[in-house]
Amino acid sequence: MSSPLSLKVADRIRQIPRSGIRDFFELVQSRGDVISLGVGEPDFSTPWHIREAAIFALEKGETCYTSNLGLPALRRAIATYISGHCGTDYDPAKEIIVTVGVSEALDIAFRALLNPGEEVIYHEPCYVSYNPSIFMAGGVPVAIHTRPEDDFVLRAEDVERAITPRTKVIMLNFPTNPTGAFEPLDELEKIAALAVKHDLIVFTDEIYTELLYDGRKHTSILTFPGMKERTILFHGFSKAYAMTGWRLGYACAPTEIIEAMMKVHQYAMLCAPIMSQRAAIEALENGAAAVEMMRQSYEQRMNVIVTRLNAMGLPTFRPGGAFYVFADIRPTGLTSKEFALRLVNEQSVAVVPGNAFGMSGEGFVRACYATALPQLEIALERMGRFVGGLRPETSERPAGAHAA
Ligand code: PMP
């Protein structure tokens, strides 16, 4: 950007890059024949009974604003759900705010908490919005690189090393987008102890915690001693209930924090859309069976994609949850971007270059397996052809060559 008008854009905004995922999405949309494993979005439509609840709200003429914090009935449903899902009780009157997706909840939380120069520790590779959201709120993003050979676990000792007198927040996301990493309980406990010891706030983005595999059970960092009073829990409807387009999420936290987030929310957003909120009540009260059906379907696809990527010579970590694999493409000798561009151009399959998720994602690509199995099979066949054509050492290897 160098036109006179672009120079009017605030320095801070000019400094941040566009999301690498969006760039790729636009490329894919410009071509009709591409199978996209790119954007992190369920291939299912929102379950019908949830859609019906929104239609019914519209039929009744519910087209108005709601309370800034969200419909009281939705906040009560969230409190009940979180009590069952995480084992922690929140007061729906004061400790829950309904937002326009987890995206907005994160943004208003960073803006509500960070003074200029205060540091936020987060683990990388990570969801694309963390770094720019921290930066736009005036904070300083401090990335800890997690490693494929360590199953992308966040080690408490690495967190401790990153803590400085300016650290205010530790930001967590398990299961992780883009790696599917699942944090072991003992590390989570040690990180909680560090937060207490250094008096830090913890942000826990638990948007994928319904989508766990191999019998795993969710434990929130909230449940460790001294944590509820220093934690913001972020959750939403996009992933588990296949509701990305409804733009609905929420945060649970102590009253003082919710009050501060509410100030930003009421001036920036006012409230989340009422018909989405009505749908969300139905999702929480009656959506469990649909979520489990989708989870099982993702697990089946995960088994297929992990086995096949390893077999084609791309070492791929077996995810503990979410709906992504993070395939190691270093054996091809290509950079993440070269791999993704050539794959889309030569075989019409879209994946996201790993460096879109931070520098430590270089050498990897993210593939989303929230794609119907027949399509996934075709995409994998094409990927196999692409990889097989590159180099002798990336041709077929025994399945499960890496952590499968
Ligand atoms: N957190 C993570 C880890 C995500 O992967 C995403 C979406 N890809 C979000 C938050 C944003 O979700 P929402 O649709 O609720 O804004």
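Atoms within each ligand, like the ligands themselves, are counted from 1 in listed order. The shown structure was predicted, so the numbers you read here are calculated from the model rather than taken from an experiment.
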Q) Any side-chain donor paired with an acceptor under 3.5 Å for T209 and H85? A) yes
**Q.** Identity and distance of the protein heavy atom lying nearest atom 9 (C) of ligand 1
**A.** Y127 CE2, 3.4 Å
Q | Contact partition for Y208 relative to ligand 1, non-hydrogen atoms under 4.0 Å | A | side chain
**Q.** Location of contacts on Y250 toward ligand 1, heavy atoms closer than 4.0 Å
**A.** neither
Q: Measure S238 to ligand 1 on non-hydrogen atoms and call it side chain, backbone, both or neither using the 4.0 Å cut-off.
A: side chain
Q.
When you compare the side chains of E292 and Q296, does any donor N or O come within less than 3.5 Å of an acceptor on the partner?
A. yes
Q. Among D205, I207, L248, which residue places a heavy atom closest to atom 1 (N) of ligand 1?
A. D205
Q) At under 4.0 Å between heavy atoms, which part of V102 makes contact with ligand 1: side chain, backbone, both or neither? A) both
Q) Would you say the side-chain atoms of N115 and E118 include a donor-acceptor pair closer than 3.5 Å? A) yes
Q.
Tell me the closest heavy-atom pair linking S67 and R75, and the distance in Å.
A. OG-NH2, 3.4 Å
Q. Which of the atoms in ligand 1, numbered in the order shown and given with their element, are less than 4.0 Å from a heavy-atom of R247?
A. 13 (P), 14 (O), 16 (O)
Q: Report, in ascending order of atom number, the atoms of ligand 1 lying under 4.0 Å from any heavy atom of N177.
A: 3 (C), 4 (C), 5 (O), 8 (N)
Q. Backbone, side chain, both or neither: what part of K239 comes under 4.0 angstrom of ligand 1, heavy atoms only?
A. side chain
Q.
Taking the basic N atoms (NZ, or NE/NH1/NH2) and the acidic carboxylate oxygens, is any pair closer than 4.0 Å for E210 and R295?
A. no
Q: Find all atoms of ligand 1 within a distance of less than 4.0 Å from any non-hydrogen atom belonging to N173, and give their numbers and elements.
A: 3 (C)
Q. Is a salt bridge present between E119 and K168, judged by a nitrogen-to-oxygen distance below 4.0 Å?
A. no
Q) For atom 16 (O) of ligand 1, which protein heavy atom lies nearest, and how many Å away is it? A) S103 OG, 2.5 Å
Q. Does the side chain of D205 pick up a donor-acceptor pair with the side chain of Y130 at under 3.5 Å?
A. yes
Q.
Show me which atoms of ligand 1 lie under 4.0 Å from any heavy atom of G101.
A. 15 (O), 16 (O)
Q. Per the ring pair (Phe, Tyr, Trp, His ring centres under 6.0 Å) rule, which among F182, F326, F152, Y324 passes with F317?
A. F152
Q) Would you call E346 and R342 a salt bridge, using N to O less than 4.0 angstrom? A) yes
Q. Atoms of ligand 1 less than 4.0 Å from Y130 heavy atoms?
A. 3 (C)
